[in-house]
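Input: a single structure, listed below in structure tokens.
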Amino acid sequence: MRERSLWLEIMVSDQTPLRNIGISAHIDSGKTTLTERILYYTKRIHAIHDVKGKDGVGATMDFMELEKERGITIQSAATFCTWKGHAINIIDTPGHVDFTIEVERALRVLDGAVLVLCAVGGVQSQSVTVDRQMVRYKVPRLAFINKCDRTGADPFRVARQLKDKLNHNAVFLQIPLGLEFDHRGIIDLVTMQAVTFQGDSGEIIEETDIPAEFLDLAREKREALLDAVSLYSDELTEAILDDRVTEELIHDAIRAGTLSLHLTPVLVGSAYKNKGVQLLMDAVTRYLPNPSDSTNQALDLDRDEAQVTLETAPDRPLVMLTFKLEMSRYGQLTYVRLYQGTIRKGDTIINTRTGKRTKVGRLIRMHADEMEDIESASAGDIIALFGIDCASGDTFTDGTVSYAMTSMHVPAPVISLAIKPKDKKAEIHISKALTRFTKEDPTFRTYLDEETGETIISGMGELHLDVYVERMRREYQADMETGMPKVAYRETITQRSDFNYTHKKQTGGSGQYGRVAGFMEPSLEGEFQFVNKITGGSIPTEFIPSCEKGFQSCMNKGSLAGFPIVGVQVTINDGASHSVDSSDLAFQQAAIGAFREAYGKSSPVLLEPVMRVVVETPSEFQGTVLGTLNQRRGMIISTSEDGAFSTVESEVPLSEMFGYSTVLRSATQGKAEFTMEFGRYNPVPKSIAEEIVKKQKEDQKSLKK
């Protein structure tokens with residue numbers, strides 16, 4: 001309790017000691033193991049437990065039963081710790097691409113990040129995705145090359161990949177003191193000392209002179225370090241010329257380069273073998289930004305959404321962003337990042353989207369699934385609240401300003417699954433579970449298929465849906481059957497077609513009349529677009545929104561196979577109305593009729609999601625892997641060999657990827673692994689499209705019977 005109250009005192013009085021960091025990487029790079037070591041060295045936990053550990057406890061941050069069983073991170077987990085007078089909020093994120101939204105929303109609110117890379121695997125497919133997300137939110141990062149103790153470890157190759165594949169200006173601050181079974185510690189290129197980690201858990205740090213066999217390499221890498229970082233400090237450049245370089249000058253130059261996003265400091269070690277973690281924490285506090293180093297902007301709703309720059313100051317009006325929702329046994333837990341101002345227990349806050357006022361009952365600081373009550377928090381902090389009704393991405397203020405923060409990027413789901421409860425009790429439980437999961441995870445969607453009566457769940461991949469189905473069974477005791485996964489096909493048009501449709505209905509009294517004319521054509525934007533080119537008032541202005549609403553309603557289901565329609569631009573340029581019989585409904589119906597008239601003439605085609613599939617395999621199985629992808633209509637983008645391993649990048653339709661993990665294991669004796677993420681939508685080959693359309697029509701006929 002004493003440590004926590006001291007931390008709060010530091011927080012309110014001065015922003016400098018705070019860091020908000022995320023730990024992100026490709027699956028199996030050692031993120032959760034690294035976080036476990038950080039928590040141990042910062043005395044947040046008193047014993048180290050490993051992912052899938054033999055003691056059955058599991059890592060602190062993987063607190064869900066499914067995470068412990070599968071040995072993967074499913075949900076991002078937040079914690080905080082203190083290191084040498086600095087307070088650090090840490091979010092451990094999943095590595096699997098199916099849970100990419102967890103990384104997305106974490107990076108939206110963090111100031112810095114640690115990109116963890118495997119010294120054997122190097123820059124892998126999800127490393128690329130995570131890096132793209134860091135670029136999107138302008139997050140400065142350090143690179144930590146982990147697993148230097150493993151056979152085949154080569155951090156120098158990984159650093160080259162950082163430059164070639166991710167276009168990073170990667171600069172070593174450390175090099176390993178031995179590799180593989182001989183990995184004894186690290187060599188610090190700033191202090192030019194060899195550092196080893198003694199004791200049962202590497203808690204005793206010893207600095208010695210660099211062994212003679214590593215001295216030449218250390219001098220060479222130090223020269224490269226000074227050359228690279230001197231670009232960010234004129235003072236360091238002068239000191240190099242005058243031969244009066246100090247450690248402080250180097251640290252300042254590295255920090256300047258890192259904050260500018262033009263430099264990626266590279267550190268090395270082995271989290272599992274307890275080597276290099278404390279020096280990584282030193283680097284986090286030295287080089288990554290504190291909240292006041294980051295520029296954060298909001299939209300002023302009182303001034304036509306004009307951009308305003310927020311000040312990281314506790315005495316300014318409160319502005320905070322909701323970035324994650326989670327249901328706990330005590331109710332909804334709302335994770336927020338404070339960008340400005342201070343919040344205290346008992347304060348009243350306002351949701352700028354809904355205008356709803358809420359009194360703050362409890363303020364929580366999270367440590368994985370454990371909660372610690374606090375009295376207040378201020379700008380820059382990440383905390384959780386109880387009893388707040390809101391959605392992910394909502395902005396809260398104290399009412400003195402009306403600001404809204406921009407939300408995070410949410411990718412669209414690409415795969416669906418039908419679930420059917422076995423009895424009425426299960427139906428109630430499933431309904432509760434789906435309400436919770438869709439609120440927590442913006443990439444998880446659900447709807448009721450009116451034709452089949454089935455509940456459809458949609459997500460980012462097979463694993464994503466599999467985890468949610470398993471959670472419904474375990475957490476809600478929902479007994480259900482699941483259907484085959486369904487691909488999220490789309491329809492689009494390939495040529496322009498004109499329409500001129502009159503909706504006329506007379507049933508006694510006032511009737512319905514509306515005429516719309518124009519054309520529709522393929523849109524490059526991918527979404528539905530409506531263009532109004534009516535002149536002379538042929539359609540009164542008040543009915544234009546009704547026309548748009550009518551056309552928009554047609555996007556939900558195409559006449560080709562009943563899939564949603566994308567990539568259409570509708571332009572109206574003529575029409576007619578009646579002084580008595582025209583109405584909103586009449587013009588909506590006219591628009592619907594016009595769309596149906598034109599859609600069949602515009603050569604509609606089916607689109608299918610094409611996935612970017614990256615297979616990493618021992619080189620001896622490369623030919624076999626290429627064969628498995630070709631059989632699935634895969635298009636090989638590139639192949640590369642790095643020692644004993646090969647990487648095959650390809651694009652494969654999602655419909656062909658079901659069950660691929662089993663096939664790949666069988667073909668490579670279980671030695672290959674693959675990752676898959678959505679790439680784009682492509683037209684389905686004609687012969688396959690005909691089969692899909694035929695099957696859809698047969699299914700619809702059987703339902704009508």
Legend entry - Aromatic Tyr339 / basic Arg337 pairing, under 6.0 angstrom, 45° off normal: yes
Legend entry - Neighbour count above 12 (heavy atom, 6.0 Å) for Glu305 CD: no
Legend entry - Interatomic spacing from CD in Gln529 to CD in Gln552 - rounded to 0.5 Å: 11.0 Å
Legend entry - Heavy-atom side-chain proximity of Asn169 to His262 below 4.5 angstrom: no
Inset, instruction - Could I get the full list of side-chain contact (heavy atoms from CB on, under 4.5 Å) partners for Lys439, not counting sequence neighbours? - result: Leu325, Gln332, Asp389
Legend entry - Side chains of Asp398 and Thr400, donor plus acceptor under 3.5 Å: yes
Legend entry - SB check Asp293 Arg255 (cutoff 4.0 Å): yes
Legend entry - Side-chain (Asp441) to main-chain (Thr443) donor-acceptor, under 3.5 angstrom: yes
Inset, instruction - Could you check Tyr41 against Cys81 for side-chain contact (heavy atoms from CB on, under 4.5 Å), going step by step and ending with a plain yes or no? - result: CA-CA 10 Å; Tyr41 296 132; Cys81 55; over 6 Å; no
Inset, instruction - Decide side-chain contact (heavy atoms from CB on, under 4.5 Å) for Leu173 and Ile250; before the verdict, give the C-alpha distance in whole Å, the side-chain angles of both, and the deciding distance to 0.1 Å. - result: CA-CA 10 Å; Leu173 306 191; Ile250 299 174; over 6 Å; no
Inset, instruction - Work out which heavy atom in Thr492 is nearest to a heavy atom in Val566; give both atom names and the distance. - result: OG1-O, 2.8 Å
Legend entry - Interatomic spacing from CG in Asp252 to OH in Tyr232 - rounded to 0.5 Å: 15.0 Å
Legend entry - Under 3.5 Å: donor-acceptor pair, side chain of Gln340, backbone of Glu311: yes
Legend entry - Modelled atom types, side-chain donor and acceptor of Asn290 and Asp111, under 3.5 Å: no
Inset, instruction - State, to 0.1 Å, how close Ala25 and Val116 come at their nearest heavy-atom pair, and which atoms those are. - result: CB-O, 2.9 Å
Legend entry - Any pair counted as ring-ring contact (aromatic ring centres under 6.0 Å, His included), so long as it reaches residues 287-313, sequence neighbours left out: His251-Tyr287
Legend entry - Over all atoms of both residues, closest heavy-atom pair of Ile254 and Leu225: CD1-CD1, 4.4 Å
Inset, instruction - Let me know which of Ile350, Val319, Asn351 forms a side-chain contact (heavy atoms from CB on, under 4.5 Å) with Thr395. - result: Val319
Inset, instruction - Evaluate whether atom CG of Asp302 has more than 12 neighbouring non-hydrogen atoms of other residues, nucleotides or ligands under 6.0 angstrom away. - result: yes
Inset, instruction - Evaluate the side-chain proximity of Ile457 to His464: yes if any heavy-atom separation is below 4.5 Å, no if none is. - result: no
Inset, instruction - Decide yes or no on side-chain contact (heavy atoms from CB on, under 4.5 Å) for Asp373 and Arg362, but give the supporting numbers first. - result: CA-CA 7 Å; Asp373 281 276; Arg362 283 180 74 188; 3.1 Å; yes
Inset, instruction - Count the heavy atoms of every other residue, nucleotide or ligand shown that sit under 6.0 Å from CG of Asn167, and state whether that count exceeds 12. - result: no
Legend entry - Glu372 with Arg365: basic N within carboxylate O range, under 4.0 Å: no
Legend entry - Minimum heavy-atom distance between Pro291 and Thr312, given as atom pair plus value: O-OG1, 3.4 Å
Legend entry - Residues Lys165, Asp131; criterion side-chain contact (heavy atoms from CB on, under 4.5 Å); working and verdict: CA-CA 10 Å; Lys165 291 187 176 182; Asp131 183 70; over 6 Å; no
Legend entry - Residues Thr264 and His168: side-chain donor-acceptor under 3.5 angstrom: yes
Legend entry - Beyond-backbone contact of Tyr403 with Thr352, side-chain heavy atoms, under 4.5 angstrom: no
Legend entry - Side-chain donor or acceptor of Thr285 paired with backbone N/O of Asp282 under 3.5 Å: yes
Legend entry - Nearest heavy-atom neighbours spanning Gly361 and Lys345: O-CG, 3.1 Å
Inset, instruction - May I ask you to test the Leu261-Pro140 pair for a side-chain heavy-atom distance under 4.5 Å? - result: yes
Legend entry - Gap between atom CD1 of Ile343 and atom CE of Met320 - 0.5 Å precision: 3.5 Å
Legend entry - Gap separating the CD atom of Gln297 from the CG atom of Leu310, nearest 0.5 angstrom: 8.0 Å
Legend entry - Student check: side-chain heavy atoms of Leu321 and Arg108 closer than 4.5 Å: yes
Inset, instruction - To the nearest 0.5 Å, tell me how far Asp300 CG sits from Gln307 CD. - result: 11.0 Å
Legend entry - Over all atoms of both residues, closest heavy-atom pair of Lys359 and Gly346: CE-O, 3.4 Å
Legend entry - Side-chain touch Leu142/Ile21, heavy atoms, less than 4.5 angstrom: no
Inset, instruction - Would you indicate whether the side-chain heavy atoms of Ser127 and Leu117 approach each other to under 4.5 Å? - result: yes
Legend entry - Within-4.5 Å side-chain heavy-atom neighbours: Val336 and Ile388: no
Inset, instruction - Drop me the distance from Asp227's CG to Thr237's OG1, to the nearest 0.5 angstrom. - result: 9.5 Å
Inset, instruction - Evaluate whether atom NZ of Lys549 has more than 12 neighbouring non-hydrogen atoms of other residues, nucleotides or ligands under 6.0 angstrom away. - result: no
